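The structure under discussion appears below in the form of structure tokens.
The shown structure was predicted, so the numbers you read here are calculated from the model rather than taken from an experiment. What's counted below: heavy atoms across the whole structure, side chains too, no hydrogens, waters or symmetry copies.
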Amino acid sequence: MNTNVAPKDIALDNGDLVETVAAYFRSGHWNKVIEVLSITEEPVYHAHAYVETQIHPMSLEEIVKGYFDKIGRPVHRKIEIFTSGQVVDSGSIHGIEPHGMPHFDLLWKYSPTALLAPAKREHNVEYWGKSYMDDFYKKYPFKTELNAEEEAELEAYFETAAFKKYCELNEHPDVVHIHANVETSVHPDLIRAVALKAMAKRGWDVVEAVPVAFQMRGQMHGKVVFIGNTPEKIFDIAWAFNPAVTLIPSTRYWLTTENPTYDARTMHELPLLLKRDPYRLLSLKEIEAVVAAI
């Protein structure tokens, strides 16, 4: 589900940084984000909010956490900040999970004119709930019942060198987010079940695993998103439908050209992005003042 909330007069810095930033968190765009996160009619698995900003993402992260503390829904997981794999001048404050709400990402691009404003794009609030994913899955003739040979092939993927490499990278402290890329004819719910067993066998503590779709080069693709306590990260298995296979490592590249079987975001990429533009790193006093003014 997508929507767009147009920026209004909060985009320009009127000389009062605190009030200008606080005004965004009282704006229609942010209110739409909260509305999406508060949906009770169906499970909401994930959401995106897109902004343009001059505020350093680490400062923006602290303001967001302060906001949710203030409304009684504290963020209870570690947040990851990394660059986009597709858009070279953008990044993500990833895996924001307020208490009792689905996790969401705040995706930003630097703006030369706006301290903090809704992004000027076709859809600047997106979410993926049960009804969306049910409709998305209808596009593919997935196998929902497997014979013994197919079950063995499904389980065999989790013994491959590709999956073991994915696990090693996910456990590395420099890797902040990673996708395993696969080709499959099997319904993602079946992949999810076997993946959880393999992850538990490795000693990972996964607290939730949900279906999500994401856009890559103008097309929507599917993935299963795993929310882990050990490792304390959010990590994915991204799938492309291939009726000729049960489940295999991807044979084509996805977001990057490092390896077709995975895409990883690392700690080393963010400083390179942030050096391009004069982001404003706020003081603790300024952050506290913004939260108080919301």
> Say you draw a straight line from CG of Leu247 to CD1 of Ile191; how long is it, rounded to the nearest 0.5 Å?
Replying inline: 5.0 Å

> At what distance, to the nearest 0.5 angstrom, does CG of Leu196 lie from NZ of Lys201?
Replying inline: 14.5 Å

> Is the closest side-chain donor-acceptor distance between His179 and Asp263 under 3.5 Å?
Replying inline: no

> Does the ring of Trp254 carry Arg252 above it, NZ/CZ under 6.0 angstrom from centre and within 45° of its axis?
Replying inline: yes

>> Quick one about Ser111 and Gln54 (side-chain donor to acceptor, distance below 3.5 Å, no hydrogens or angles considered), yes or no?
In response: no

> Do the ring centers of His48 and Phe104 come within less than 6.0 Å of each other?
Replying inline: no

> Taking the six-membered ring for Trp, are Phe142 and Tyr137 parallel (under 30°), tilted (30 to 60°) or perpendicular (over 60°)?
Replying inline: perpendicular

> What orientation do His56 and Tyr279 show, parallel under 30°, tilted 30 to 60°, or perpendicular over 60°?
Replying inline: perpendicular

> Just checking, any donor-acceptor pair under 3.5 angstrom between side chains of His103 and Glu97?
Replying inline: no

> Between Glu52 and Lys120, is there a salt bridge with N-O shorter than 4.0 Å?
Replying inline: yes

> At what distance, to the nearest 0.5 angstrom, does CE of Met101 lie from OG of Ser38?
Replying inline: 3.5 Å

>> Cation-pi check for Tyr50 against Arg121: NZ or CZ below 6.0 Å from the six-membered ring centre and within 45 degrees of the axis, yes or no?
In response: yes

>> Test side chain to side chain contact (heavy atoms under 4.5 Å, CB included) on Ile96 and Leu106; report intermediate values, then the result.
In response: CA-CA 8 Å; Ile96 306 167; Leu106 187 62; 4.1 Å; yes

>> I'd like to check the side-chain contact (heavy atoms from CB on, under 4.5 Å) partners of Asn31; sequence neighbours left out, ordered by chain and number.
In response: none

> Which residue pairs pass the salt bridge (Lys or Arg N to Asp or Glu O under 4.0 Å) test when at least one of the two sits in residues 185-194, sequence neighbours left out?
Replying inline: none

> Got more than 12 heavy atoms from elsewhere within 6.0 Å of NZ, Lys197?
Replying inline: no

> If you measure from CD1 on Ile234 to CD on Glu208, what distance do you get to the nearest 0.5 Å?
Replying inline: 9.0 Å

> Do Asp134 and Lys130 sit within salt-bridge range, that is, some charged N less than 4.0 Å from a carboxylate O?
Replying inline: yes

> Is it the case that one hydrophobic cluster holds both Ile287 and Met58, taking links as side-chain heavy atoms less than 4.5 Å apart, direct or via other members?
Replying inline: yes

> Any chance the side chains of His46 and Asp105 put a donor and an acceptor closer than 3.5 Å?
Replying inline: yes

>> Is it the case that the ring center of Trp128 lies less than 6.0 angstrom away from the ring center of Tyr45?
In response: no

>> Would you say Ile93 ends up clustered with Ile71 if hydrophobic residues are merged whenever their side chains have heavy atoms under 4.5 Å apart, either directly or through other cluster members?
In response: yes

>> Return the OH to NE2 distance between Tyr140 and His187, rounded to the nearest 0.5 Å.
In response: 12.0 Å

>> Tell me whether the rings of Phe136 and Trp239 are parallel (<30°), tilted (30 to 60°) or perpendicular (>60°).
In response: tilted

>> Whether Arg202 and Glu171 form a salt bridge (side-chain N of Lys/Arg under 4.0 Å from carboxylate O of Asp/Glu) is what I want to check.
In response: yes

> Say you draw a straight line from CG of Asp236 to NZ of Lys223; how long is it, rounded to the nearest 0.5 Å?
Replying inline: 4.0 Å

>> Tell me whether Glu35 is salt-bridged to Lys32, with the criterion being a basic N under 4.0 Å from an acidic carboxylate O.
In response: yes

> Looking just at side-chain N and O atoms, do His29 and Tyr24 make a donor-acceptor pair shorter than 3.5 Å?
Replying inline: yes

> Residues two or more places apart in sequence or in another chain: which of them pass side-chain contact (heavy atoms from CB on, under 4.5 Å) with Lys165?
Replying inline: Glu168, Leu169, Tyr262

>> Consider side-chain hydrogen bond (donor to acceptor under 3.5 Å, both in side chains). Of Glu150, Glu149, Lys143, Glu153, which one does Thr246 pass it with?
In response: Glu153

>> Please report whether the ring centroid of Trp204 lies less than 6.0 Å from that of Phe226.
In response: no

